[in-house]
Amino acid sequence: MSEQRQTDVAETDESTSEKLVELAKRRGYFFQSSGAYGGVGGFYTFGPQGAALKGNVEDAWRDRFAVAEGNMEIDAPTIMPEPVFEASGHLDGFDDMLVECPECGESHRADHVVEDNTEYEDAESLPIPEVEDVIAEYELVCPSCDAGLAGQAVEAFNLMFATNIGPGDSDPGYLRPETAQGIFVEFPRLKEYARNQLPFGVTQIGRAYRNEISPRRSIIRTREFTQAELEYFVDPEEDEPPLERVEDVEVTLYPASEQNAEDGDEVRTTIGDAVDDGVIGSPWVAYFLGVAKPWYDAVGVDMDRFRFRQHLSGERAHYAADCWDAESEIDGNWIEMAGFAYRSDYDLSKHEEHSDDRFTIFKQYDEPQTVERAVVDPDMSYLGPEFGGDAQAVVQKLEELASRDRAAFDGETVEIVLEGESHELPVEKTGFAVEEQTEAGEHITPHVVEPSFGVDRLVYTVLHHAYSEDEVAGEERTYLDLDPEVAPTFVGVFPLQSDDELEAEARDIAAALRAEGLAVTYDDSGNIGRRYRRQDEVGTPFCVTVDYETVEADERSVTVRERDSTDQKRLPIDDLPETLSALRTGELEFEEL
RNA sequence: GCGCGGAUGGUCUAGUGGUAGGACCUGAGCCUUCCAAGCUCAUGGCCCGGGUUCAAAUCCCGGUCCGCGCACCA
């Protein structure tokens, strides 16, 4: 269907965006929240049409990335306690340090001021008091007006919304800045549910919150938004993606090498070739790019305005081996709609470190392995009196030494170094032994592949790419050529004109189609042309009109009008529910009627 | 957070120091046998708070929100 998609948008892209935002307000797609109270920045309400469209897009995502891939979906809370974000790094990493100039009042990123004027390279990782000290020590000045910044307070601005769990402030919590943590945190239980078998995937569709300094461009960058994320857990040594399913998928790639090149350009290739040529480093990332591309096409993203862009080394997190964004073109700008990252074991290791639970999977060997292992079992009745409070540290040193260098225990005595001081102790008191142990497997930390979709940006793209203008019978027309699968209203039902008999018949048909599970709107106001245009503007794919032939002829029939072509066909009423359902799923094309 | 520009019915807009018009939309009616037609009538507005002034939607200050640039984009 997309190859016929019209991109004959008149005038400039920018005015398309303006017209779309205006249409969205007027027709109930989306609009600014709390308008009655002056509005609030970065929050949008999806109106009746927008909520339905968004819901349909989410359903389509669920069908593809959860159901069709055999993954499980969860629904975690949006508020989680502070330790979760200490582990995830959001508490520190999400901080911006701001320092305000006492003269001109401008705020600057304190870490940037430091990095630009000293030899410090990673000022963001310094504690705030230290940044203040550095500013004083180097007598750094305001980049705008050269006034001295020494002595000015450096303020932390965290992009997470903070709250308190329960009364008082002893139990801080945060609104999640991404849905992913809700999955990672529950990994210990989810792995049980997956019967400890890798690979498995967990999806979540939900809200995330970021207290953006500067929300922009309507629903493109908001403070509350919806993500659809998949965390796919794999055994890095054994699991491989079923690339054969997607190897022929054609994609437009914009690799880092091309972005860095003088005359770099996008590359058209297939998933299979991109993996073979090493353009996409991670086969897992490649697989999900291959799944995502046809899906984006199906929900209505214009493939001529779509690409996958590789992250440059500078914008990639240090733990991410390879990362690609799905981007769509809006107003001549490319906006990020999804990120596909190979995150290694970073997230699970962090939670393993910070929590009491195990974020590993027990991986059984093909054959149990017998290994020799050097162990110690120190005589604490000797070590205790000898070393006092350091006894535990001595035990730890002995354990380390045994596993590292068992030859050290060959003599009568063994030497350990404790806080720079050397100690000798009799080997017989260490309980040193080499034991044979049988191991059935090992605990491994799975790696995770993360396709992370921004639902709001996708909805915006779908609307923007669907926005079309043409002429019908000499009259200008605006319509959204939304795919029937995601269109908020699927069919409009009208009486041809004011007439009790026609209206009654049309209402009956509308009720029958609703009973079929279709999204139906009934309209009998104004003339028929006006009603068609109304539905065109919200993107309703089909309209059914009851005329005098319907109520007078022997075989009762109605006209069905298609939105994009405005063509009409006559159909028997009895066939309507079945035919329209088939049109919705794409089993049937309008031309075939 | 800074800078620049903006804010008038649901939407788009005109406007002057003397409390507001238009178009579209919407509703009622007439007309109408398939594409925003016509006619009649109707609903509905100066972002918020201060200040100047006899008088402020208009001028000034502050705030909120929107757009753009800077910065930021986990």
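Below, chain A is the first sequence line, B the second, and so on; all start at residue 1.
Both tests do not hold together for A:K25 against A:F30: distance to the six-membered ring centre under 6.0 Å, angle to the ring axis within 45°.
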Polar atom pairs between nucleotides 11-14 of chain B and protein, under 3.5 Å, N or O only, would you list them?
residue: B:U11; atom: O2'; partner: A:E22; partner atom: OE2; Å: 2.4

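Looking at heavy-atom distances under 4.0 Å, A:E212 makes contact with a base. Using a 4.0 Å heavy-atom cutoff across all strands shown, A:G474 reaches no nucleic acid atom at all.
Between the side chains of A:S17 and A:Y460, at least one donor N or O lies within less than 3.5 Å of an accepting N or O. Looking at A:Y467 and A:D481, their side chains never bring a donor and an acceptor atom within 3.5 Å of each other.
Rounded to whole Å, the distance from CG on A:N333 to C1' on B:G67 is 14 Å. If you measure from atom CZ of A:F30 to atom P of B:C66, you get 13 Å, rounded to the nearest angstrom. Atom CG of A:N211 and atom P of B:C73 are 15 Å apart (whole Å). With rounding to whole Å, A:K19 atom NZ is found 15 Å from B:C24 atom C1'. Going from atom OH of A:Y44 over to atom C1' of B:G67 covers 10 Å, rounded to whole Å. Regarding A:Q535, its CD atom lies at a distance of 15 Å from the C1' atom of B:C25, rounded to whole Å.
Between A:F161 and A:F43, the two ring planes are tilted [angle within 30° to 60°]. Classification of the A:F184-A:H351 ring pair by plane angle, with boundaries at 30° and 60°, yields tilted. Note on ring orientation: taking the six-membered ring where Trp is involved, the planes of A:Y296 and A:F306 are tilted (angle from 30° to 60°). Between A:F340 and A:F453, the angle of the ring planes goes over 60°, which puts this pair in the perpendicular group of the 30/60° scheme.
Atom NE2 of A:H465 sits about 12.5 Å away from atom CG of A:L482, to the nearest 0.5 Å. The NE2 atom of A:H311 lies 9.5 Å from the CG atom of A:D322; values are rounded to the nearest 0.5 Å. We find the CD-CG distance between A:E82 and A:N164 to be 10.0 Å, quoted to the nearest 0.5 Å.
The C1' atoms of B:C39 and B:U53 are separated by 48 Å, rounded to the nearest whole Å. Of the P atoms belonging to B:G45 and B:U32, the separation is 36 Å, rounded to the nearest Å. Across B:G63 and B:A42, the matching P atoms stand 44 Å from one another, rounded to whole Å. Nucleotides B:C4 and B:G9, compared at atom C1', are 29 Å apart to the nearest Å. Comparing B:A20 with B:A14, their C1' atoms are spaced 10 Å from each other, to the whole Å. Taking atom C1' in both B:U13 and B:A71, the straight-line distance is 34 Å, to the nearest Å. Atom P of B:G5 sits at a distance of 22 Å from the matching atom of B:C48, rounded to the whole Å. As rounded to the nearest Å, B:C66 and B:C60 have C1' atoms that lie 23 Å from one another.
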| said: Set out, in order, the CA-CA distance, both residues' side-chain angles and the distance that settles side chain to side chain contact (heavy atoms under 4.5 Å, CB included) for A:R309 and A:Q259, then state yes or no. | reply: CA-CA 9 Å; A:R309 187 184 69 83; A:Q259 295 171 55; 2.8 Å; yes
| Run the salt bridge (charged side-chain N to carboxylate O under 4.0 Å, His left out) check on A:K350 and A:D345 step by step: do they pass? | CA-CA 8 Å; A:K350 282 289 193 182; A:D345 63 356; over 6 Å; no
| said: Could you go through A:R561 and A:D536, starting from their C-alpha distance and side-chain angles, then the distance that decides it, and tell me whether this counts as salt bridge (charged side-chain N to carboxylate O under 4.0 Å, His left out)? | reply: CA-CA 11 Å; A:R561 169 198 185 260; A:D536 288 340; 3.0 Å; yes
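Among A:R530, A:R534, A:R507, the one residue that satisfies the salt bridge (charged side-chain N to carboxylate O under 4.0 Å, His left out) test with A:D524 is A:R507. Among the candidates A:K19, A:R27, A:R563, the single residue satisfying the salt bridge (charged side-chain N to carboxylate O under 4.0 Å, His left out) test with A:E537 is A:R27.
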| Footprint string (nucleotides 40-46 of chain B, 5' to 3'): B base within contact, S backbone only, - free, heavy atoms under 4.0 Å | -------
| Quick one: what's the B/S/- string for nucleotides 27-37 of chain B, heavy-atom cutoff under 4.0 Å, read 5' to 3'? | -----BBBBBB
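Ring pair A:F233/A:F187: centre-to-centre distance below 6.0 Å.
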| field | Under the 3.5 Å Watson-Crick or G-U criterion, the dot-bracket string of RNA chain B, with | for inter-strand pairs | value | (((((((..((((....[..)))).(((((.......)))))....(((((..]....))))))))))))....
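When the salt bridge (charged side-chain N to carboxylate O under 4.0 Å, His left out) test is applied to A:E336, no partner is found at least two apart in sequence or on another chain.
A heavy atom closer than 4.0 Å to some atom of RNA chain B occurs in A:R221, these being the qualifying members of residues 220-232 of chain A.
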